[in-house]
Amino acid sequence: MNNEKNIEEYMDNLLSRKSIFKNKSALNPDFIPDYLPHRDKEIRELVEIITPFVLGNKGSNVLLYGKTGTGKTACVRFILKALSNKAKSHGFNFSFSFSNCRMDGSEYRVLVSLGSQLGLKLPFTGLATAEVLQRIVSFLQKAEVRCIFVLDEVDCLIKSSGDDLLYELTRINENLKVPLGIITISNDISFKEHLDPRVLSSLSEEELIFKPYTSSQLTDILQSRSSLAFNEGVLDKGVIPLCAALAASEHGDARRALSLLRVAGEVAERKGLHIVDEECVRTAIKRIEEDQSIELIRTLPLQSKIILLAILASSKDGTKATSGEIFSSYKNITSFMGVEALTYRRFSMLINELEISGLIEGKVISQGRYGRTRFIRVASPQDLVTRGLSEDLLLHDIMDKLSLLNLPLESNL
DNA sequence: CATCCACCGGAAATAGGGGGGC
DNA sequence: GCCCCCCTATTTCCGGTGGATG
C-alpha cells in the first residue's frame, strides 16, 4: 500500500517536473472549454432558438454551417451541456442526443446512436430502420421528454443514404405532444441541393453561418487554451501567432491550430526541450502530415494496399502508369501472394478512393485510337508510402521479394 | 468524318456475416 | 426455426466516350 503511494508520488513528481504540458487534453478537438472566444453572437442566437424546446414549446429547427474547425460543434455542445444542467436544476425533463453522421455512417446507426443516448436499448443490427424509429418515437411520446437531436456532419449522411431519414425525423413532430428539436450541422453548404425542399425548409427554419476564424481570433483561442494546457512560460513568444497564422491561411480552422500547438508541444517534449519554439511548430507541421498519410495507409484494407503497391511497382521514379498496366501488375502481386484478385470494376473503384484520399493522383487522358485511360502516380513522397505499406507484415515480405523496399529510399535521398 | 481503342463509371444483383421478432 | 433486416464488399452487365487514326 505504502509503496504504491510512494511510487505514484514519485511518478507525479517526475511527470510534473519535466512536462511541458499541464493538461494536454485541453487541446483535444473534443474538449469543451468554459468560454468560446469570438462566438458570443452565435451562442446567443442559438440559445434564443433552442431554449423554447426546454420549456416544451415548439421552437425552430436550426441548420448550422461553416467550414471545419469554425466552432459549430463546440458551440452546440457547449450550449446543450449548459442547458441540460439548467434544466436539471429547474426540474425540466430535457435531454438531447448527438450523432456524428460521418462516424455513425448509416441511417440505421445514426438512429441507434440517437436512441441509445435517450436510454433505449437497441441492437446494433437486426431491426428494420423503421422499427428503430418507431421505438424512438413511442419512447418520446411516453416519456414526454423535451428533446433535441443533433445531427453533425449531415452532409455525409445525405451523400450515403439520401434524405429519407431527415424526412422521417421532420415529420415526427406531427404526432408528438412535446415537440422535438433538430439541429443539423454541415460543413458543406451544397448539401442543400440534394434535399427535398420540404425537408430543407423544415430543417432550416433558422440558419446560422459560422465564418472562419481570422488569424487574430485564432490567436485568442490558442491563448486561452494554452493557459489551460501548458505550464507557465513554456511557449516562445512567436509560437501562438505562428500556429494561428498557419491555420488561418488554410481556412481559419481552429481544430488544426490547436492540434498544431499540441504536436509542437510534443515535439519539444520529445526533444527534451523546456521551451516550445517556432522550430518545433515547423517540425510539427511535417509530423502531422506524415502521421496522417502513414495512418491512412496503415488502415487501408488489404486490397487497397496491394493496389497501392502495384502502383508503386509499375511507376518507379514518379512516372505515371496507365490503369491497365497497374491492373496487370496488381494481378501479378495477388497471385504471388496467393490472394484472390478483384475484378477490374472493383479495382477501378478502389483507385478512385485512393485518389480521393490524396495518396495518389490520376488523370483521365484520351489517346485517340490508343484508348482512353487514367494515368496514375503516387502523390505523397514515395518513402512515406513504402514505410506505411511495409508496416503490413504480409506486404513487407512481398516488398522485400520485389526489392521495392530499398530502391525508393536510395533513389529519393 | 466515322471508327475504334482501352478503358470509365452507373445500376443492380449477389454474397455472406452480423442479428432481430415471434 | 423461420423469415426478415442491416451492412460491407464485390461481381455482373452494360452503355458511354475523347480524340488520333485511316
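Order of the sequence lines sets the chain letters (A, B, ...), proteins ahead of strands, with each chain counted from 1. No hydrogens, no waters, no symmetry mates; every other heavy atom, side chains included, goes into these values.
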Asker: Rounded to the nearest angstrom, tell me the gap between atom CE in A:Met349 and atom C1' in B:dC7.
Answerer: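 Distance check: A:Met349 CE to B:dC7 C1' gives 15 Å.
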Asker: A:Phe327 has an atom CZ; how far is it from atom P of B:dC7, in whole Å?
Answerer: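 These atoms are roughly 10 Å apart.
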Asker: Do A:Phe21 and A:Phe230 have ring centroids that are under 6.0 Å from one another?
Answerer: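 Yes; A:Phe21 has its ring centre under 6.0 Å from that of A:Phe230.
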Asker: Could you pick out which residue, A:Arg109 or A:Ala128, lies toward the 5' side of DNA chain C when each is mapped onto its nearest nucleotide?
Answerer: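 Nearer the 5' end of the strand: A:Ala128.
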Asker: Rounded to the nearest angstrom, tell me the gap between atom CZ in A:Phe347 and atom P in B:dA6.
Answerer: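 Taking CZ of A:Phe347 and P of B:dA6, I get 16 Å after rounding.
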Asker: Just to be sure I understand the rule, does A:Thr125 reach a base, reach only the sugar-phosphate, or reach nothing, if contact means heavy atoms closer than 4.0 Å?
Answerer: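 The answer is base, as A:Thr125 lies within the cut-off (heavy atoms under 4.0 Å) of a base atom.
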Asker: If you count the non-hydrogen atoms of other residues, nucleotides and ligands that lie under 6.0 Å from CZ in A:Arg270, is the total more than 12?
Answerer: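 Atom CZ in A:Arg270 is not packed in, count stays at 12 or less.
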Asker: Under 4.0 Å from any heavy atom of chain A: name the first and the last nucleotide of DNA chain C that qualifies, 5' to 3'.
Answerer: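 Contact boundaries, 5' end first: C:dC5 to C:dT21.
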Asker: With side chain to side chain contact (heavy atoms under 4.5 Å, CB included) as the criterion, how do A:Ile172 and A:Leu133 come out once you've worked through the C-alpha distance, each side chain's angles and the decisive distance to 0.1 Å?
Answerer: CA-CA 9 Å; A:Ile172 284 186; A:Leu133 185 65; 4.0 Å; yes
Asker: Please give, in whole Å, the distance from B:dC8 P to A:Ile365 CD1?
Answerer: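 In whole Å, B:dC8 P lies 12 Å from A:Ile365 CD1.
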Asker: If a pair satisfies salt bridge (charged side-chain N to carboxylate O under 4.0 Å, His left out) and one of its residues is in residues 349-370 of chain A, list it, with sequence neighbours excluded.
Answerer: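 Found A:Glu361-A:Arg377.
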Asker: Write down the atom of A:Ile297, the atom of A:Val385, and the distance for their closest heavy-atom approach.
Answerer: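 That closest heavy-atom pairing would be CD1-CA, 3.6 Å.
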Asker: From CG of A:Leu342 over to C1' of B:dA15, roughly how many Å is that when rounded to an integer?
Answerer: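 Computing the A:Leu342:CG to B:dA15:C1' distance gives 14 Å.
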Asker: Name the residue closer to the 5' end of DNA chain B, choosing between A:Gly126 and A:Ser323 according to the nucleotide with the nearest heavy atom.
Answerer: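 That would be A:Ser323.
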Asker: Between A:Asp253 and A:Gly69, which heavy-atom pair has the shortest distance, and what is it?
Answerer: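 Taking A:Asp253 first and A:Gly69 second, the nearest heavy atoms are OD1-CA, 3.2 Å.
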Asker: Not counting sequence neighbours, list each pair that qualifies as a side-chain hydrogen bond (donor to acceptor under 3.5 Å, both in side chains) and has a residue in residues 83-105 of chain A.
Answerer: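 Listed by first then second residue: A:Ser99-A:Asp104, A:Asn100-A:Glu153, A:Arg102-A:Glu153, A:Asp104-A:Ser113.
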Asker: Could you tell me the separation between the OH atom of A:Tyr370 and the C1' atom of B:dC7, rounded to a whole number of Å?
Answerer: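 Taking atom C1' of B:dC7 as the reference, OH of A:Tyr370 is at 16 Å.
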Asker: Specify the separation, in whole Å, of atom CZ of A:Arg346 and atom P of B:dA15.
Answerer: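 Distance check: A:Arg346 CZ to B:dA15 P gives 17 Å.
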Asker: Can you tell me how far C1' of B:dT3 sits from CZ of A:Arg372, to the nearest Å?
Answerer: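 The answer, rounded to whole Å, is 16 Å.
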Asker: Hey, which of these two, A:Arg374 or A:Gly371, hits DNA chain B nearer its 5' end, going by closest nucleotide?
Answerer: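 On the 5' side of the pair lies A:Gly371.
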